[in-house]
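Read the structure below first, then the notes.
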Amino acid sequence: MSEEILTVENLKKYFVTKQGTVRAVDKVSFSVKQGETCGLVGESGSGKTTIAHTLVGIYEPTEGRALFKGQNISKVFNQRPKALKKEIRIVFQDPGSSLNPRRSIKQILELPLKVHRICNDSDRVERVMELLRMVELPPEDYMYKSPQVIGGGEKQMVAIARALAPNPSFLVLDEPTSALDVSVQAKIINLLMQLQQNLNLTYLFITHDLSLMRNITNRVVIMYLGKISEVAPTVEFFQNPFHPYTKMLLSSIPTVSDEEENFKPKEVISRGEIASPVNVPSGCSFHLRCPQKMEICSRADPTVVEVEADHLVRCHLFSDGRKPT
Amino acid sequence: MAKYIISRLLQSLFVLFGLSLLIFFIARVMPGDPARVALGSLATHEQVQNFREEMHLDKPFPVQYYFWLRSLLRGDLGKSLYTRRPVTTDLKAYIPATLELILISFIMSLVIGQVTGVLAGYFRNSWFDGLSRLISYIGVATPAFAVAIFFLLFFTYTLNLAPAVGRLSLAAVPPPRITGFFILDSVIAGKFGTALEGLKHIFLPAASLAVANIAQEGRITRTSIAENLQKDYVIAHTVYGIPRWSILFKYLLRPSLIPTVSVMGLAFAYQLSNAFLVELVFMWPGFSRYAVTVMLNKDLNAIVAVVLVIGVAFFLVNVIVDIVVSFLDPRIRLQRTGG
Amino acid sequence: MKKELLVAALSRSRASFSKGWYKFSRNPLSVLGLIILFSVILTAIFAPYISPYPEHAGAFTNFRESGLPPSLTHFFGTDSVGRDIFSRVIFGYRFSLVLAVVVLSLAMPSGIILGLIAGYYRRRWIEIVIMRITDIFLAVPPLVLALAITVMLSPNLFNQMMAISLMWWPWYCRLVYSLTTSLRHEYFVREAELTGASKAHILLREILPNCVAPVLTKMTLDAGFVITVGASLSFIGLGVQPPRPGLGTMVADGAKRLPAEWWMAVFPALAIVIVILSFNLVGDGLRDMFAVEEV
Amino acid sequence: MVKKRRYLGLILVVLIIGLCSLVGVAVENVAVINGMPVILPDPGVAMDWYDTQVAYNLYSPLIYPTPEGTLRPHIALDWQPVDGKLDYWRFTLRSGVKFHDGGELTAEDVVFSMDRLMAMGKGYSGTLGKVTASAVSKYVVDLTLEKPNAVFPETLTLFWPLNKDLVLEHIQPGDYGEFGDYGEAWLAEHDAGSGPYTMVSHSPGDRLEAVRFEDYFLGWESWGPDEVPVERLIFIMEYQTATLMLLLRSGQLDLEANGGFSRGTFKEIVKAEGIHLNKVWPEDWTVWINTTVPPTDDVHFRKAIQYAYDYQSVQAEYAPFGAREAGIIASSLPGYIAIPPQPRRQNLEKAREELALSKYDPEEVTVVYHYCAGLEAEEEVGLQLQADLAKLGIKLEIAGPPWPQYSAECGAPDTTPNLTIFLFPATYPSPDFYLYYMYHPDNVGGIYAAHWYADEEIGELIDRSRSTVDFEARVDIYRSLQEKIASQVLAFYPYEIPMLFTSQDYLIGPKETFPTVGPSVNMHNWRINLKLKQELRG
Amino acid sequence: MTPLLEIKNLQVRFKIYEGELKVLNGVDMVIGEGEKVGLVGETGCGKTTTVKSVLRVLPTPPARISGGEILYRGKDILKMKPAQIRSLRKGEMSAIFQDPLAALNPVFTVGHQLYDVIKYSSASRGRKRLSKKEIRARSIAVLKETGMPDSERILSNYPIQLSGGMRQRVCISEALSASARLLMADEPTTNLDVTIQAQILRQLSELVAKKKSSILLISHSLGVVRNLTERVYIMYAGNMVEVARTKDLFADPLHPYTKALLKSVPKLTGEGISRGIRGRIPNYLNPPAGCRFHPRCDHMMPICEKERPAFFTGGDSDNHKVACFLCRR
């Protein structure tokens with residue numbers, strides 16, 4: 001496969017709050033290859049959004065770094081070169097909050113064009129219309145509308161168009177469809193897939209929805225409480241999940257067909273609750289919920305090991321690099 | 001909570017310091033000669049000059065301020081140029097009268113405002129609601145001095161119901177000073193006649209002062225009751241079979257009190273500044289009338305003291321309000337204790 | 001093509017306007033307030049043409065006609081030097097409205113800009129400086145500080161305006177500050193930052209428009225409040241100077257003649273109530289208008 | 001629970017009201033007097049009209065003024081210049097004058113009080129000049145002056161001896177060496193006097209109470225059948241006209257001695273039952289013209305203003321209350337002359353002529369007129385002048401700053417407005433009061449001389465009058481002084497009016513004269529007719 | 001099976017500025033005694049309005065029930081007096097709401113709220129009043145039933161101190177503490193993580209089974225409904241479009257909307273994702289005439305524009321009913 005466009009190395013992001021230090025992201029490493037869709041999966045509090053925000057420069061990492069095309073991008077946005085801002089773009093989770101309700105869609109789409117001087121004044125309207133067409137919104141109907149009056153799916157389309165405006169090569173998609181109905185989600189996912197092909201984009205797709213991952217990603221990175229649990233190529237992962245947590249996750253998914261039901265791992269049933277990121281349990285942070293807990297789990301934090309080619313897992317069961325029997 | 005109060009205290013110390021600096025600065029920059037004002041028209045130039053030296057008025061601004069700060073640390077707010085006695089003595093003499101007034105009007109506004117607010121909120125869009133809204137609009141829109149004048153005209157001049165001047169009849173002997181609150185002191189001293197007089201006298205000024213707050217509080221309570229009525233938890237309580245009255249007076253009232261209590265700090269501020277006008281109209285020998293007098297007399301020390309006292313009072317009221325709100329609202333309480 | 005787009009844009013704004021008007025007019029009191037407010041403003045603007053005795057608002061005495069009760073020739077009666085109170089009330093509105101306009105147009109922009117800056121640069125020294133200064137001004141009710149300052153300046157309309165303006169900006173500063181601190185975490189602000197938009201763009205184009213609704217509502221309510229404070233200062237004797245008619249001054253003068261010549265105080269006082277009432281009603285209407293509707 | 005507490009409060013309130021209504025309030029023989037804010041009743045510090053408001057009740061002056069402008073013995077039975085040069089005076093004191101603590105007032109007390117006044121340099125020390133006192137015997141005091149002063153006895157109406165022993169008992173640390181603070185702090189809330197009333201409480205600027213002193217040296221007259229002595233005096237301070245009228249009508253206020261009412265209220269009082277207006281001595285309305293700031297630094301411009309003012313208009317309004325044409329000194333005083341040019345009428349022709357002679361273009365200048373906030377009579381003059389000057393094309397700006405500020409403005413020539421209006425009664429009964437304080441170059445500036453015109457010639461004339469022994473010769477000098485002053489147009493004088501105090505009909509004085517004296521009221525021998533009070537006020 | 005709740009042709013409208021929103025356009029539904037019924041629909045299709053209508057807690061105005069009947073054991077709820085409704089709420093009907101944080105009073109402790117719920121619902125039965133101790137014991141018991149860890153400590157906590165899952169457990173305890181005969185769960189797990197969702201759903205189904213309650217599970221997620229219910233209603237834009245036994249519906253969806261919806265759901269088996277449904281849900285102000293789905297339907301026929309389709313029996317079972325003219329035989 002093609003080269004790695006983004007590499008995250010030992011990324012750490014801690015937040016200091018009144019209640020204590022929140023270890024949102026704790027030593028996370030992974031990479032994304034050119035042209036692929038990498039899925040970053042986790043439940044709430046797993047730190048997936050923090051990673052996304054660190055990558056685009058909302059936060060500065062506490063430790064570690066991220067490399068984009070070999071360039072260190074571990075800086076906040078106002079220290080980033082403009083060219084980088086043009087290359088890496090993000091689509092936020094909440095379509096309601098990501099579009100300024102007091103600006104028209106035209107104004108919203110024009111901003112990146114102006115900032116990055118993509119085209120001159122006369123072409124700008126044309127480009128805005130082109131962008132709208134790209135996301136299948138008729139420009140005549142939408143250009144002068146306020147984001148307030150359009151539906152959630154359409155808002156997200158506009159947000160995608162805005163992200164695409166300066167011709168980026170890398171898109172961080174932070175749960176772009178989690179707030180939407182499935183029928184709308186389907187539409188947007190299809191659009192995204194199509195755009196990826198047409199524009200040769202690389203996606204880092206963040207979601208909590210494993211079924212969605214199954215259908216769109218090349219690789220998945222599973223996170224739990226700020227740490228990576230498992231990294232694997234998608235097909236491989238779904239056929240053969242290693243980590244007890246990922247199994248629990250898979251088994252919890254509500255399904256709509258018997259085939260799916262049969263597909264789910266059976267041995268791990270969901271129990272317990274995710275701990276607060278302020279009070280991460282010692283040892284393996286999952287050990288309190290883990291049905292296969294061992295004595296070591298409460299003491300030592302396991303390290304990531306590559307069990308099979310490209311399939312990494314962070315669990316004491318696999319500490320010797322092999323599958324337990 | 002203690003930590004929170006301490007941090008508030010530090011913050012308010014800074015604010016009060018800035019406030020005194022601000023007043024000092026403005027007073028120095030502006031034209032006008034406080035010494036001349038203080039001594040009156042027959043004073044000779046020499047007398048004025050001597051007086052300036054005595055009060056450090058001839059010194060540059062930072063020196064004056066230094067002297068003031070130094071004596072403040074000894075609990076001395078300086079001498080009033082107007083009454084020629086320590087400002088602290090004046091404050092002690094006048095504050096209770098205003099406190100008594102504000103307290104009574106506060107109770108009036110709380111009781112009347114709450115009751116009308118709850119009823120109007122619950123019986124939304126009824127005739128009662130409409131009437132109370134209309135009255136509250138007018139109440140909010142009428143400046144305190146206008147209320148005072150309308151009340152005077154109606155209650156005193158037309159109906160001859162209430163006296164219009166002072167805390168007691170002019171010739172009456174005030175009760176021995178214990179708390180400084182005439183009504184309370186009279187009751188303690190067993191002079192019930194005086195207490196009744198005091199009540200009669202305080203009624204009009206307190207009512208004039210209360211009008212705006214009644215209107216404001218009624219409105220806020222009404223809105224929050226009406227708003228909370230739509231909340232999911234009210235629906236949930238209803239569905240789970242909790243009776244209507246319990247929902248209204250327990251589950252609805254407490255969260256609805258939060259906004260009402262939250263604005264009480266501001267309401268107190270309004271009452272205090274309205275007292276400036278009401279005390280003038282009703283010749284109420286209180287702190288606010290004293291404040292207006294010293295301000296008009298450019299009595300620098302007293303002005304600074306008055307402003308600081310108001311600042312401190314405002315701060316205390318806000319802290320109390322905060323404590324009450326955090327008692328009512330666990331969300332705030334938990335946030336503050338960091339739990 | 002472009003023309004069509006323009007037409008579309010126009011019809012959208014017209015639709016949103018009429019929707020706004022609907023929400024505003026749902027409360028008949030707001031409409032009443034608007035009507036009163038407009039008439040007051042028009043009356044103030046055309047005071048010389050509307051008032052029956054415009055010269056009575058200036059240097060004029062007619063001792064023979066002093067203290068006349070309300071009649072058809074003098075709707076509100078005459079004052080102690082024989083001036084028509086009705087005419088003077090009309091001119092008095094001028095000063096009240098000018099006061100409100102000047103104070104708000106001085107206090108609002110400065111307060112808004114400082115609030116934007118302080119809110120956006122949270123936890124930086126500039127926020128601390130601005131907000132601590134704001135705290136100092138907010139530590140005491142505006143009337144008290146305005147009174148202290150007006151006294152120290154010499155009492156006239158100009159100084160009154162300056163003093164009240166000086167008291168007023170912190171309220172806007174704090175309002176916009178709190179709006180900005182919450183808005184700056186909104187994704188659309190983040191997005192603009194990440195895109196690389198300038199600070200000016202973020203503050204003025206992204207954040208500021210979202211503050212318009214609360215600020216505008218507060219402004220309308222404040223106009224009434226400023227007039228109250230101005231009238232209160234005038235009532236104490238620190239406002240519009242004679243012979244120009246200040247409503248508060250007129251009430252104070254008239255109060256001396258209670259109860260016999262009640263009209264001297266009552267009509268100017270009612271005039272104050274009416275103008276403040278209309279501002280409040282309109283302000284509430286605006287609040288309804290800007291309120292997010294839940295379906 | 002909240003509800004229960006509320007009920008508890010309600011019951012408590014009802015209970016209190018119930019208890020209260022069972023007990024009435026006892027009525028005493030009290031006179032409530034409204035005056036100016038009394039702040040420093042200490043006669044060594046007291047200054048200005050308002051401070052001395054109560055002085056005659058608490059203290060006794062050395063010499064007593066009469067409303068006619070003459071003097072009569074009081075504590076001093078006799079006074080004479082010793083060598084005829086008017087700078088060395090001998091006073092013989094009355095014996096048996098008792099202080100409130102029972103001690104007798106002697107020469108020693110007078111010397112002490114004079115020393116105190118001079119050492120502190122406050123109060124009326126400026127009016128008296130530099131005085132050295134020495135006791136000749138128990139009842140004889142010599143007072144030596146720096147300069148001859150023919151009106152020195154008149155100024156002694158403002159000198160009230162204090163009880164030396166009592167003051168010395170209460171001195172606190174202060175600036176005067178062995179005398180500490182000379183008892184200043186203590187005397188702010190107590191008295192050390194020999195007057196008809198003894199102070200019992202004082203809240204500066206708000207309220208002062210005094211009770212009758214049985215052993216007053218002039219004794220107390222016997223009372224009529226329904227008449228009772230005023231046992232207690234309460235001085236209050238209130239400006240609100242409507243409030244005062246309400247208090248007067250309800251019988252709560254017995255005497256209004258501030259005089260701050262306006263024409264409309266006077267009319268009301270005249271019509272009202274049970275209260276009446278008392279015309280006291282005349283006062284001059286004076287509008288100072290500041291001669292140091294443009295455009296009023298031009299004498300022609302000043303004359304133009306003088307001619308432009310319509311004297312008849314406002315004066316006519318007050319005619320029913322005794323208003324008449326005003327001069328430089330009060331018309332009741334010896335040596336009064338009407339100011340030329342006569343008759344004093346508005347003369348726009350002349351005004352225009354004078355304006356043409358002045359160096360200012362009326363269109364380009366603004367004249368500023370200040371009056372004391374809240375005083376309608378002063379505002380009326382301003383409004384009238386504004387209308388008059390408008391006819392000449394001159395713009396007059398009127399403003400009414402509050403009193404303290406208003407009087408302070410006159411402290412420096414550049415802050416003094418072009419025109420400032422004041423009402424001047426004589427603090428001591430002599431034309432000298434007007435002439436010396438208002439026109440002597442030593443006293444230029446301040447509210448008594450806000451014209452800022454210092455003329456050595458005038459000064460010399462005034463000094464000459466002060467050293468002239470012969471009364472008639474002195475009066476001649478007063479006349480020529482008035483003419484000289486009038487020619488400079490330092491002020492214009494809208495009208496003269498008696499001070500108008502309002503009192504209850506049931507408050508009765510010894511000789512049916514009003515109890516005002518100097519800048520004070522003296523309630524000695526005043527009494528309340530209870531029957532009348534009952535009839536009038538229920 | 002006797003019907004416990006029967007909704008017949010329910011019509012609800014909301015008044016807004018632009019006019020009247022015709023939100024519920026003739027909803028029909030039957031819930032049998034002890035039956036587990038699902039109601040699936042996308043955002044804004046009227047699911048919550050239906051529940052609120054049944055509970056009689058719809059804010060009126062702006063809402064207005066303009067037609068239909070809601071029969072509970074044969075009695076029309078819409079015609080009941082307040083007292084009757086109150087007694088219904090005590091032990092007959094109960095509900096769980098989508099946002100547990102909003103459904104709990106923020107300023108009272110969990111224990112306090114639970115206490116009152118138990119106190120008032122137990123009082124109705126004519127049983128003797130429970131003592132404080134008994135109520136407390138029951139509170140702890142009902143919390144435990146929902147799988148709440150550490151339930152005694154939870155009683156003194158405020159709702160914000162709890163995690164989303166725990167809050168929902170508290171709500172379930174409140175709803176079930178009165179042993180409700182009919183439980184309406186309105187999107188009970190929407191805001192929860194999948195692992196927690198799985199636990200809550202498991203717990204809920206166990207409890208319902210134990211208490212032999214009927215349940216109406218409302219969700220936008222087909223998967224959630226499939227695992228928990230016996231019968232499913234599919235709702236679209238204020239209409240029921242399809243109802244069938246859960247197994248039948250997922251095996252053989254008949255309505256074009258149901259089909260499209262099912263295809264839009266991403267599957268674990270990775271079959272790719274369909275292009276969704278074109279268009280968007282109709283504006284309730286001027287909903288399409290006839291079948292409200294027809295503008296988005298790939299199989300639109302002329303009649304669809306004119307007539308609202310009635311329920312036609314389709315598929316293999318008599319219980320499988322579809323409101324689509326395609327199924328008219």
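No experiment lies behind these values; they were computed from the predicted model shown.
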So, S270(A) versus R202(E): side-chain donor-acceptor pair below 3.5 Å or not? no
Can you tell me if S163(E) and E273(A) form a side-chain donor-acceptor pair at under 3.5 Å? yes
Do I273(E) and M193(A) touch side chain to side chain, with heavy atoms closer than 4.5 Å? no
Should D209(A) and V194(E) count as side-chain neighbours, where that means a heavy-atom distance under 4.5 Å? no
Check whether more than 12 heavy atoms from other residues, nucleotides or ligands sit under 6.0 Å from atom [atom1] of [X], and answer yes or no.
X	atom1	value
K263(E)	NZ	no
K210(E)	NZ	no
K144(E)	NZ	no

Looking at H208(A), R214(A), Q185(A), which makes the most heavy-atom pairs under 4.5 Å with chain E? R214(A)
So for I189(A), is it side chain, backbone, both, or neither that comes closer than 4.5 Å to the heavy atoms of chain E? side chain
Which atom pair, heavy atoms only, marks the closest approach of [X] to [Y]?
X	Y	value
V182(A)	S264(E)	O-CB, 3.7 Å
G272(A)	I196(E)	O-CD1, 3.7 Å
T195(E)	S252(A)	CA-OG, 3.6 Å

Find the one option among G147(E), G276(E), S274(E) whose heavy-atom pairs under 4.5 Å with chain A are most numerous. S274(E)
For the CD1 atom of I150(A) and the CZ atom of R280(E), what is their distance to the nearest 0.5 Å? 8.0 Å
Picking from E261(A), E259(A), M213(A), E260(A), what satisfies side-chain contact (heavy atoms from CB on, under 4.5 Å) with L268(E)? E260(A)
Side chain, backbone, both or neither: which part of Q197(E) has a non-hydrogen atom closer than 4.5 Å to chain A? side chain
Interface moiety of R275(E) toward chain A, non-hydrogen atoms closer than 4.5 Å: both
Applying the salt bridge (charged side-chain N to carboxylate O under 4.0 Å, His left out) test to D258(A), which of R226(E), K247(E), K267(E) qualifies? R226(E)
Under 3.5 Å donor-acceptor, N227(E) side chain and P254(A) backbone: no
